[in-house]
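Because the structure is predicted, anything quoted here is derived from the model rather than measured.
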Amino acid sequence: MAIRSSNKMLQKTVVKQILQKCSKLSKKKGYGNEEWQPMDVPKGHFAVYVGDNRSRHIVPISFLSSPEFQMLLQSAEEEFGFEQHMGLTILCQQEAFESLISMLNDRN
């Protein structure tokens with residue numbers, strides 16, 4: 001029981017840090033006061049960069065609650081920290097990421 005509670009607290013902390021980082025980036029990039037997302041990112045989504053070529057993907061915020069996606073975010077934090085200046089980069093092969101996204105989309 002204590003382990004499950006600890007994992008939920010860790011997940012909330014990771015999500016808060018990601019949202020804070022997104023907020024900081026928006027102010028630096030000048031996306032405006034209310035609408036901080038770039039025009040091509042729909043509400044309820046965020047952009048990530050994947051693979052060696054850093055291909056850009058727009059994913060729903062709901063993926064943040066997925067344990068599989070959280071593992072990717074934790075590995076990105078371990079590698080890059082939360083001070084990524086070129087956007088949120090995910091350490092994953094392009095094909096594996098697309099497979100995960102497909103699986104998560106099928107769940108929803």
#### Entry: Full working for side chain to side chain contact (heavy atoms under 4.5 Å, CB included) between L72 and V48
CA-CA 11 Å; L72 289 177; V48 295; over 6 Å; no
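Linking Ile, Leu, Val, Met, Phe, Trp and Tyr residues whenever their side-chain heavy atoms come within less than 4.5 Å places M103 and F69 in a single cluster. In the hydrophobic clustering of this structure, Y49 does not group with M71; members are Ile, Leu, Val, Met, Phe, Trp, Tyr whose side-chain heavy atoms approach within less than 4.5 Å, directly or through other members.
Inter-residue side-chain proximity for I58 and R56 is flagged as met; some heavy-atom pair is nearer than 4.5 Å. By the 4.5 Å heavy-atom criterion applied to side chains, V59 and H45 are not counted as neighbours. Within the 4.5 Å cutoff, side-chain heavy atoms of L73 are placed close to those of L88.
Note that the CG atom of N105 and the CZ atom of F63 stand 4.0 Å from one another [nearest 0.5 Å].
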Could you pull out every donor-acceptor pair under 3.5 Å between side chains of residues 90-100 and any protein atom, sequence neighbours left out?
| residue | atom | partner | partner atom | Å |
| --- | --- | --- | --- | --- |
| Q94 | OE1 | S55 | OG | 2.3 |
| Q94 | NE2 | S55 | OG | 3.2 |
| Q94 | NE2 | H57 | NE2 | 2.9 |
| Q94 | NE2 | E98 | OE2 | 2.5 |

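For residues 99-108, the salt bridge (Lys or Arg N to Asp or Glu O under 4.0 Å) pairs, not counting sequence neighbours, are E68-R107.
Remark: E79 engages no residue in a salt bridge (Lys or Arg N to Asp or Glu O under 4.0 Å) (not counting sequence neighbours).
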